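Report on the structure given below.
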There are 2 protein chains.
Amino acid sequence: MPNNISDIIEQYLKRILEESDVGVVEIQRSELAELFNCVPSQINYVISTRFTTDHGYVVESKRGGGGYIRIREIKLDPEHTLLTLLRNWPSELSQATSEALIERLMRESWLTKREAVMLENMLRREVVNVDLPLRDRLRSRLLYTAVQVIATYDNEDH
Amino acid sequence: MPNNISDIIEQYLKRILEESDVGVVEIQRSELAELFNCVPSQINYVISTRFTTDHGYVVESKRGGGGYIRIREIKLDPEHTLLTLLRNWPSELSQATSEALIERLMRESWLTKREAVMLENMLRREVVNVDLPLRDRLRSRLLYTAVQVIATYDNEDH
DNA sequence: TTGACTTTGACTTATCTTGACCATATTATA
DNA sequence: TATAATATGGTCAAGATAAGTCAAAGTCAA
């Protein structure tokens with residue numbers, strides 16, 4: 001069915017991702033581009049259109065010698081709790097709302113008690129003390145990033 | 001996974017450091033360079049990017065005949081580590097410095113791996129995306145708060 | 001023929017590698 | 001003992017490597 005390079009690269013990456021049973025794939029942009037005879041930035045296009053958090057992936061990368069692009073799958077529970085949460089993430093978060101969210105995540109065992117306390121304190125307005133509405137946007141990005149991490153990294157302590 | 005010589009040399013040195021249970025490793029620059037087939041100054045690069053005081057290491061060296069480079073891992077007094085750290089907290093923190101600090105706290109078991117990854121990601125400039133120098137001040141406050149929590153909240157790991 | 005999606009490439013940023021030249025300590029020699 | 005030779009390590013800037021951004025151009029279906 002795939003009739004363009006982007007679709008082909010997408011399928012390729014998803015196949016590799018399935019074969020790696022840890023849900024992580026690491027590639028070199030230029031290498032992959034060469035494999036599919038396209039310009040390197042095409043890889044960025046594929047990633048930014050098909051491997052977003054909406055799609056259930058988190059991407060990291062490093063430039064320079066020995067650089068890479070790493071794609072991780074978001075871990076799914078039956079309810080797709082974290083994926084759903086990330087998909088509908090609000091662009092602004094008040095302190096009260098973020099605290100409620102953190103409490104909920106802790107109740108559902110996504111966060112340890114200590115992580116929850118840490119996040120709650122970090123997101124207090126005295127700490128994130130920039131002017132509104134920037135503050136609420138910043139708080140949103142911070143917690144979003146934290147949730148992204150718990151969605152992709154296993155916590156060996158629990 | 002390390003795809004470049006610098007990472008490999010870093011891992012090598014850290015392994016040697018662990019094996020030597022006094023937390024000290026002494027090398028000869030040219031010898032090490034030869035071992036990894038690189039120019040001697042590459043060793044300096046590795047040290048200056050991965051074994052700084054922020055990372056929790058002290059490096060001494062001597063030139064001339066019988067010269068050496070000695071890397072010492074500095075473990076702070078377990079009783080007062082975090083309090084001392086908090087007392088001398090810098091008002092601004094770059095991304096590189098905060099990453100070094102987080103890595104160090106993890107090495108000394110003050111942070112779990114997941115907490116460390118979470119904090120590192122939250123403190124990235126793309127996330128804390130306000131203009132400098134505000135960004136570095138904000139990063140400082142955020143990490144300060146996190147460390148404060150792990151200092152007061154003695155979790156099950158300690 | 002318009003609009004969404006894809007492809008391309010010029011330019012930017014980040015990180016690592018290399019080498020020429022510099023500084024300092026030890027050892028040999030006058 | 002002074003000085004020269006040798007043996008190390010240090011600095012820094014240029015070059016190499018690799019990913020990111022963005023906008024212009026191309027494609028294709030409705």
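The structure presented is a predicted model; accordingly, all values stated were derived computationally and were not measured. Per chain, numbering begins at 1; letters A, B, ... match sequence-line order.
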Pairs involving residues 75-84 of chain A, ordered by first then second residue, that meet salt bridge (Lys or Arg N to Asp or Glu O under 4.0 Å) (sequence neighbours left out):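 Matches after skipping sequence neighbours: A/K75-A/D154.
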Ring pair (Phe, Tyr, Trp, His ring centres under 6.0 Å) involving [X] - partner list, sequence neighbours excluded:
X	value
A/W110	none
A/Y45	none
A/Y153	none

Side-chain heavy-atom pair A/L82, A/R87 within 4.5 angstrom cut-off: no
4.5 Å side-chain heavy-atom contact, B/L123 and B/Q95: no
Five-pair end axes of the helix from C/dT1-D/dA30 to C/dA30-D/dT1 and the angle they enclose, rounded to 10°: 10°
Where chain A begins and ends its contact with DNA chain D, read 5' to 3' at 4.0 Å from heavy atoms: D/dT17 to D/dT21
Expressed as a whole number of angstroms, how long is the span from [X]:[atom1] to [N]:[atom2]?
X	N	atom1	atom2	value
A/I8	C/dT6	CD1	P	12 Å
A/I9	C/dT8	CD1	C1'	13 Å
B/N4	C/dT18	CG	P	11 Å
B/E126	C/dT12	CD	P	19 Å

side-chain contact (heavy atoms from CB on, under 4.5 Å) partners for A/V39, two or more places apart: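 Listed in chain order: A/S41, A/Q42.
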Which residues share a side-chain contact (heavy atoms from CB on, under 4.5 Å) with B/R70, sequence neighbours left out: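 Partners of B/R70 by the side-chain contact (heavy atoms from CB on, under 4.5 Å) criterion, ordered by chain and then number, come out as B/V24, B/E26, B/E60, B/Y68, B/R72.
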Identify the pairs formed between an N or O of the protein and an N or O of nucleotides 24-27 of chain C at a distance under 3.5 Å, and give each distance.
residue	atom	partner	partner atom	Å
C/dA25	O4'	B/R63	O	3.4
C/dT26	OP1	B/K62	NZ	2.8

By salt bridge (charged side-chain N to carboxylate O under 4.0 Å, His left out) - contacts of B/R15 (at least two apart):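 Listed in chain order: B/E19.
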Taking every non-hydrogen atom, the tightest pair across B/R139 and B/R124: NH2-C, 4.3 Å
B/Q28 side chain to B/G67 backbone, donor-acceptor under 3.5 Å: yes
Note: A/K14-A/E10 ion pair, threshold 4.0 Å (strictly below): yes
Given DNA chain C, 5'-ward residue of the pair B/R125 and A/I5, judged by closest heavy atom: A/I5
Qualifying ring pair (Phe, Tyr, Trp, His ring centres under 6.0 Å) pairs with a residue from residues 69-91 of chain A, counting only residues at least two apart or across chains: A/W89-A/Y144
Within residues 32-51 of chain A, residues whose heavy atoms come under 4.0 Å of DNA chain D: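 Contacting residues: A/S41, A/N44.
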